Every structure is written in structure tokens, then in C-alpha cells.
Amino acid sequence: MAGLRKLLEEVGRLLTYAGVGQPKVSLAKDARFGDVTSSDAFDLAKKTGKKPIEVAKELVERMDLSRTVYVERVEVAGAGYINFHARWPRLAVDILTEACEKGRSYGETSMGGGQYVLVEHTSVNPNKALHIGHARNVCLGDSLARLLKKNGYRVAVANYIDDSGVQMAELLLAFKHLGYSMEPPSGEKFDEYCGRVYTEVSKRIEADPQLENMRRQLAAQLEDPYSETSQLNRLVVERVLMEQLRTCWRLGARYDVLNKESDILFFDLWSEVFKRLREMGLLYVAEDGPKKGCWLFDLSSHPKLSKEGDEVVVKSDGSTTYVARDFGYAAWKLGLLDKDFRYKLLAKNPDGSPVYITDRGGAETHKYGNASFTINVVDVRQKRPQEIVRYALEKLGADPSRYIHYAYEVVSLSKADAEKLNLNIGERGFVHMSGRGGIYVNVDPLLNYVKQKAAEGARQRHPDWSDNRVSDVAEKIAVAAIRYFLIRADPDKMIVFDSEEASDIEGDTGPYIQYAYARATRILEKADSQPNPHNPPPTLDTKEISLIKEIGILPLVYEEAARNLSVKRIATYLRELAFIFNDFYENCPVLSAEENVKVFRLALVEAFRSAVSSAAEAAGIPLVEEM
RNA sequence: GGGCCCGUGGCGCAGAAUGGAUAGCGCACCGGCCUUCUAAGUCGGGGGUCGUGGGUUCAAGUCCCACCGGGCCCGCCA
């Protein structure tokens, strides 16, 4: 077990023996307040009517420090705080030894206990390229999956492929009837080309009712899986999908399974849900009104949605709505159904693992459903439909807390970026992105832009580097910059995307973390002694202690982040860790220190590398040995 | 009309499920630090009534209420 946790437990024991029922201990936010601090005296003072400072003194008097391992001394401070100071050399040995030994897996916990979790993210309509808003989804989802793995969960990653909507019909209209070629102009990716075509066709449809009619016919043909239109659609979908996957892989994401919406119907996941909800009297046909002839899902006893009316699940023409398909799909995720998909192998992730896709003729079966819980990374605008699905699952007898909608706010474009697209947005400082409206910044061009910036810097610093090496490092810097930018923000806050801000590689950015790691790597490269954490100098520098403490905190950070599903927490940890390392780097020379200090500091640097590697892996931020 | 979310120095953010000791950081601005482990770094300076008003508490950026400002959702679209 990690050193800091042992310290916290020891403090807890001391307080318990002194008479505190439920000790409230936390790591001190400032070294002036010791290492671990308690405000229990305030609570006790309230109950007994004494002064907090008197209570604190009494508690401390009752503590026996003669047999502690990690606690060196205790003091009462301020109005009644109890501050504990650690026996640092001892604690340092524990923390550094563990970190050095475990390397990139340092800090991992077993809180998940092997539970199986299905994380779904990306889920971009397969008719366009990923824009920066989709990238937020990918980075959050991928980091969540990574974080859960760090905490001992078994994780599979799904990507929902909505291959049966109007948006596909619109694209097919262009290819079948409007003379658009299926081959993009040279140099343009197929998915970006399709996105452009989609925007153009949408505009034409708006102005031409006849085209709208044609689109409707195509959409109807998509309902029949054996129609010629459906076959063409499958071709387009898979081709766009492969291009999208390349972008996602570039960002560091990976997938286990791609579930196509059309296959939810084909494999009949919906009918059983329909039957059961109907038997429970929660589905009924509207006899009159604007929704006459539709099957509606009863929301009248829902605490909040009851005021908004019931939800259509089957349209009057007999086709299902998006929400209905999601009912079936969600029930499958939680193992409420006997039916399952069949798959075929689609591709390999960069790590070599297989990516399966649902396929009506597929030979493969895999158990991806029946998760302990499932997380859907979907933007906040879908809160209502997601809540309806959750509610339906509850009615079907599932524990609704197993169905988690991980909602995040959208990414919009700054005024400056809107103007680059020749948009006049007036008074407002931002504009919402829209694939249909052609208002977006795509991920690949953005990555290329940041990469180019990073490459310039690398070439200046290392004139001897080959083009390949420059490109390789610049790519990783670009990915780190974009991922960190998207992850560090609170998911509840809208990101107003600005190219210049997002492409920054100085200050509070991903490359800042990479830089600290590269510096550490360099020290170890140049060292002529072996790191040794076992014989710390009798007194440690405050910069050393800060760094050791921050390294020691990682397991606690992982648990906290997993408990709150907060990938932001990992980003802020990385930033803080790198900041503290830089402080150490500036103030504590390693290579020029006396031998006994040197080997200990080398171990500290090594331990730092373990902690950064581990946390960077959890956040999906690539590292470079030299930059 | 009903519901959800946001509001911290000029700008962008952090303040960690459980309220605690002088509110942190980046950008921008001014001024230092490269014959010493990469200056993509670092140190110092100016700049904040944490939207407003109440309340709870020994203690509120953090909890409660109201209001103001901004965003989103309430389709036989997905």
C-alpha cells in the first residue's frame, strides 16, 4: 500500500485513540500546516461547548507518538487545527521505492475489483469528419476508459454508429442524384469531403421541396436493409468510419466494438423491450391529438418530465424513433435481454487489439453487453432523451444508477475563428458549431496546425534532427496540447474554441508536462550512478519533500478521479506535478550533488517519471523523451 | 411556461464526494535569470468586494433561498 495512505491511516488511528469518533483528516494544502491536518477539534468543541483550541490541546495530549512509524510530531495551530508532521526520510523511502519499482503502473488501485464497464464515446454520425466538439467527446471518453482501467475495472469501449438517419439520406442524395462524385478531390480526406458535400446538399434541400421529397424517399429505402440504397449506404458508412477512426487513433483513442443503429433493429433488441413495457401498461397508442396513431411511453409519473408530455417511441407509420432504439440498446448494455449482436472484424487499433463492428452476416459473437454499469459520453443537449432511457431501464427492473449519462457542454467557435470561416456573428463572442451549417473546425487540420508550430520549435532546438524525428515529436506535442486543452476544462463548462489558444504550447498546456518529463529523462540519461531510494539524506530539502508528497498522492488522486468520473482531476494533477518538478529542477541540482544525495535525487527523478508516465497514460497524453 | 447548467483579477481557467487557516495558475503587461541536469522553463511586480442581495455556521468561492446576466433542452430529427 502506498506510503501516504499509511500516513493518513496512522493519523486516523491517533485521533481515534484520542477520542474522536469519525476522524476528519486531509492532506495539508500548505507545508506550513504540516503534512496532514485535522479540524476535528472544532466539531468536538461545538458538542462540548469548550473552546476549539482547548479541545485540540487535550486531544494532542492523549496521543502516544512513541510507537508511530510515519508521524513525527503533532502541533496545535490557529484556532484549533491539529497538524501532523511526517517522518519524511522514512515516508520518502516507501513512496520512492514503490514508484521506482512500478514504473508506468505506479499508483494503480483495485477499487474496481474487476467489474466490467462499458464506456461508449465518439458516436459521430458517419457522414462527416470529426470536428473539435467531437474531439472533446473522444478525449473525455477515452480518458474515462483509461482512468477506470487504472482503478482495476475491466473496460470495453463502444462507439455508436448512427447509420440510418436523414443525415445519411442527405449524403446519398448527393451521390445518387446530384452528380457528386464518390471520389474526393486529391488531398482531401473522404470524411472531410463528405462533410462538405453534406453541408452543400443541406442548403440546397432547404431551398428546394423537390429535393426534400427525394431525400424522404431515400430515407424510406434505408429502412429496407436489402435495398440498393442501403447497400450503397453501407459502403459510404464504412469508408467514412475508417477515416474517422484514423483521426480518433491519432488522438490516442481505441475501441473494442462499433454498434450500428440499423443492427439494433436487425438483431431485434427493441421488440422484447416493447413487449415488456407494453405489458406493464407504460406504452399506449394515442387515440387523438397531434400524435394520433403513435405509440407513446408514459412519463406521467416521472418527477420532472411529466410536465412535458409522453414520448413517442413508434411513429404512426410504424417506424421506431431514436429513443426507442436506445431503449433496446441500453437494455442490451445492462444485460436485460437474451438477444445479442453478431460481429465481424473491422480493423486493428494501433495497439494491435481488434475492433469489431456489428454485422448481419457476421460470424463472431462477443459478450460486450451485460455490464456492471455503462457510461455514455454524450453532450448535454441530450440530457432529456438520456433521462428517458434511464427511466425506462428503471421500469424494466434495472438499477438506474448503472446507466450513466456522462454529459459535457459543447464546444463553440470564438469570434476570431468564426471570422476565419467568413461568418459574421454580430454581438456575440462565439457561435455554435453545426455540421449542417458548415460551421466547424475539424480535428485533423487543427492537429496539423499545432504540429507545424511544434515542428518549428523542434527544428530550432535540434538542427541535427531528421525530418522524421521532428515530425514524430511534433505530432506528439500536438496531440498532448489538444488533449490537455479539452480535458482540463470542467465538463459542465462550454469551451469557446480559439485556434490560437488551443494551439498554444507554452504555459498551462500539455507540452508543459511533456517538457518536465523530457528534462527528467535527460538527467537520468546523463547520470553515471544508479538511482537509490533507500538511503535518503537525514534532512530533505522542502522542494524534495513537495515532490515526494505529490508523487505519493497519485493513488489517492486515481481513486478520487474514478469516484467522481473526473478526468479533469488527472489533468490538474499532471500540471501540479510538473510544476513541482520544475521547482525542484531549478533548486536542487542532481548530477552535481554529492554522491549520497545524488543517488537519492536520481531515485526521486525516476519516481517522478513513474508518476508522470502513469498519469499521462490515464489522461491519454503522449510523452516524449526529448523535445 | 417547465427543466438543466454556467457566472472567480483585462482574457482563459483551478480551487479535489465531506464548508476550514493570507483565494491559486496560465495568457497579456513590466522587470530579472541560459560558460551550471534543454529558457517549450523559472523568479519578482502591478492587477480580485469569488454576478447581486439575504440566510445557515465558530468558519462560506464552496451549503440554502431569491434575484440579475449568459448558454442549453422541452419535434411522429437523430
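FYI, side chains are in, hydrogens and waters are out, and symmetry mates aren't considered; it's all heavy atoms of this structure. None of these values were measured; they are calculated from a predicted model. Residue numbers start from 1 in every chain, and the chains themselves are labelled A, B, ... in the order their sequence lines are given, proteins ahead of strands.
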J.: Among B:rA40, B:rC37, B:rA14, find the nucleotide with the atom closest to the side chain of A:Asp490.
T.: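 For the A:Asp490 side chain, the nearest candidate turns out to be B:rA14.
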J.: Would you confirm whether A:Asp498, through its side chain, and A:Glu500, through its main-chain N or O, come within 3.5 Å as a donor-acceptor pair?
T.: yes
J.: Select base, sugar-phosphate, or nothing to describe what A:Asp43 touches, counting heavy atoms under 4.0 Å on all strands.
T.: base
J.: Going by atom types alone, do A:Asn587 and A:Asp583 pair a side-chain donor with an acceptor below 3.5 Å?
T.: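 The criterion, which ignores hydrogens and geometry beyond distance, is satisfied for A:Asp583 and A:Asn587.
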J.: Could you tell me how far apart A:Arg384 (CZ) and B:rG3 (C1') are, to the nearest whole angstrom?
T.: 10 Å
J.: Quick check for you: among B:rC76, B:rC73, B:rC37, whose closest atom lies nearest to any side-chain atom of A:Arg381?
T.: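 The answer is B:rC73, which lies nearest to the side chain.
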J.: With a 4.0 Å limit, can you tell me whether A:Lys493 has a side-chain N or O closer than that to the phosphate oxygens OP1/OP2 of B:rG71?
T.: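 No, because none of the side-chain N or O atoms of A:Lys493 sits under 4.0 Å from OP1 or OP2 of B:rG71.
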J.: Decide ring-ring contact (aromatic ring centres under 6.0 Å, His included) for A:Phe327 and A:Phe297; before the verdict, give the C-alpha distance in whole Å, the side-chain angles of both, and the deciding distance to 0.1 Å.
T.: CA-CA 11 Å; A:Phe327 279 12; A:Phe297 178 54; 5.2 Å; yes
J.: Can you find a side-chain donor-acceptor pair between A:Tyr517 and A:Glu625 that sits under 3.5 Å?
T.: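 Note: A:Tyr517 and A:Glu625 side chains meet the donor-acceptor criterion.
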J.: Can B:rC34 be described as syn, meaning its chi torsion is within 90° of 0, or is it anti?
T.: syn
J.: May A:Tyr512 be described as stacking on the base of B:rA40, applying a 5.5 Å centroid limit and a 30° limit on plane angle?
T.: no
J.: Looking at the side chain of A:Asn83, which of B:rC58, B:rG3, B:rA21 is the nearest nucleotide?
T.: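 Closest nucleotide to the A:Asn83 side chain: B:rA21.
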J.: So, A:His85 and A:Glu75: side-chain donor and acceptor under 3.5 Å apart, yes or no?
T.: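 Yes, a side-chain donor-acceptor pair sits under 3.5 Å.
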J.: For a quick check of understanding: with a heavy-atom distance under 4.0 Å over all strands, which category does A:Ser592 fall into, base, sugar-phosphate or nothing?
T.: nothing
J.: Taking atom P of B:rG7 as reference, at what distance in whole Å does atom CG of A:Asp492 sit?
T.: 9 Å
J.: Counting just side-chain N and O atoms, does A:Lys453 come under 4.0 Å of either OP1 or OP2 of B:rA40?
T.: no
J.: Can you figure out which of B:rC76, B:rC37, B:rG71 approaches the side chain of A:Tyr585 most closely?
T.: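 Of B:rC76, B:rC37, B:rG71, B:rC37 is nearest to the side chain of A:Tyr585.
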J.: Could you give the distance separating B:rU49 and B:rA40 at their C1' atoms, to the nearest angstrom?
T.: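 Those two atoms are separated by 38 Å.
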J.: Report yes if at least one side-chain N or O of A:Lys304 is closer than 4.0 Å to OP1 or OP2 of B:rC4; otherwise report no.
T.: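 Looking at the OP1 and OP2 atoms of B:rC4, one of them is under 4.0 Å from a side-chain N or O of A:Lys304.
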J.: Identify, between A:Cys588 and A:Gly507, the residue whose nearest nucleotide on RNA chain B lies closer to the 5' end.
T.: A:Cys588
J.: Would you classify A:Tyr408 as touching base, sugar-phosphate or nothing, given that sugar-phosphate means primed atoms plus P, OP1 and OP2, and contacts are heavy atoms under 4.0 Å?
T.: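 If one applies the 4.0 Å heavy-atom cut-off, A:Tyr408 turns out to touch nothing in the nucleic acid.
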J.: Ignoring the backbone of A:Arg461, work out which of B:rA14, B:rU38, B:rU42 is nearest its side chain.
T.: B:rU38
J.: With heavy atoms under 4.0 Å as the rule, sort A:Glu626 into base, sugar-phosphate or nothing.
T.: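 Base: the residue A:Glu626, judged by heavy atoms under 4.0 Å, touches a nucleobase.
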J.: So, is A:Lys46 close to the B:rA59 phosphate, meaning a side-chain N or O under 4.0 Å from OP1 or OP2?
T.: no
J.: For A:Tyr512, does the six-membered ring have the charged nitrogen or CZ of A:Arg575 within the cation-pi criterion, i.e. under 6.0 angstrom from the centroid and within 45° of the normal?
T.: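 Satisfied, under 6.0 Å and within 45°.
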J.: Do A:Thr37 and B:rA21 share a donor-acceptor pair, side chain to base, under 3.5 Å?
T.: yes
J.: Base, sugar-phosphate, or nothing for A:Ala518, non-hydrogen atoms under 4.0 angstrom?
T.: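 Base, at least one base heavy atom under 4.0 Å.
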J.: Check the distance between B:rC6's C1' and A:Ile495's CD1 and give it to me in whole angstrom.
T.: 13 Å
J.: Is a donor-acceptor contact shorter than 3.5 angstrom present between the side chain of A:Thr321 and the base of B:rC76?
T.: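 Answer is no: no donor-acceptor pair is held.
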J.: Expressed in angstrom and rounded to an integer, what is the separation of A:Arg609 atom CZ from B:rC37 atom C1'?
T.: 14 Å
J.: By nearest atom, which of the nucleotides B:rG26, B:rC4, B:rU57 is closest to the A:Lys383 side chain?
T.: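 Closest of the options to the side chain of A:Lys383: B:rC4.
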J.: May I have the distance from A:Asn587 (atom CG) to B:rU36 (atom P), rounded to whole angstrom?
T.: 17 Å
J.: Are OP1 or OP2 of B:rC72 and a side-chain N or O of A:His432 less than 4.0 angstrom apart?
T.: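 Yes, within the criterion.
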J.: For the side chain of A:Ala77, starting at C-beta, report the closest nucleotide among B:rC76, B:rC37, B:rA21.
T.: B:rA21
J.: Distance check: side-chain N/O of A:Tyr484 vs OP1/OP2 of B:rA40, anything under 4.0 Å?
T.: no
J.: Go nucleotide by nucleotide along RNA chain B from the 5' end; which of A:Glu576 and A:Arg428 gets its closest nucleotide reached first?
T.: A:Glu576
J.: Roughly how many Å is it from CZ in A:Arg459 to C1' in B:rA40, rounded to a whole number?
T.: 16 Å
J.: B:rA40 P sits how many Å from A:Arg519 CZ, rounded?
T.: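 Distance, rounded to whole Å: 8 Å.
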J.: Within the 3.5 Å criterion, strictly below it, is a donor on A:Tyr515 or A:Asn582 matched to an acceptor on the partner's side chain?
T.: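 Distance-only check fails for A:Tyr515 and A:Asn582.
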J.: Got a donor-acceptor pair under 3.5 Å from the side chain of A:Arg575 to the base of B:rA14?
T.: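 Between B:rA14 and A:Arg575, which were checked side chain against base, a qualifying N/O pair under 3.5 Å is absent.
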J.: So, does the side chain of A:Asn582 form a donor-acceptor pair with the base of B:rA40 at under 3.5 Å?
T.: no
J.: Separation of A:Gln460 atom CD from B:rG41 atom C1', in whole Å?
T.: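 Distance, rounded to whole Å: 16 Å.
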J.: Looking at every strand, decide which applies to A:Leu524 at a 4.0 Å heavy-atom threshold: base, sugar-phosphate, or nothing.
T.: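 Result for A:Leu524 = nothing.
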J.: Among B:rG41, B:rA14, B:rA21, find the nucleotide with the atom closest to the side chain of A:Lys568.
T.: B:rA14
J.: Report the nucleotide, chosen from B:rU38, B:rG3, B:rG71, that has the shortest atom-to-atom distance to any side-chain atom of A:Met494.
T.: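 Comparing B:rU38, B:rG3, B:rG71 against the side chain of A:Met494, the answer is B:rG71.
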J.: So, does the side chain of A:Glu308 form a donor-acceptor pair with the base of B:rG2 at under 3.5 Å?
T.: yes
J.: Consider the side chain of A:Phe33, meaning its heavy atoms from C-beta on, and name the nucleotide among B:rA21, B:rU38, B:rA14 that approaches it most closely.
T.: B:rA21
J.: So is A:Arg488 actually on top of A:Phe485's ring, under 6.0 Å and inside 45° of the axis?
T.: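 That pair does not qualify as a cation-pi contact.
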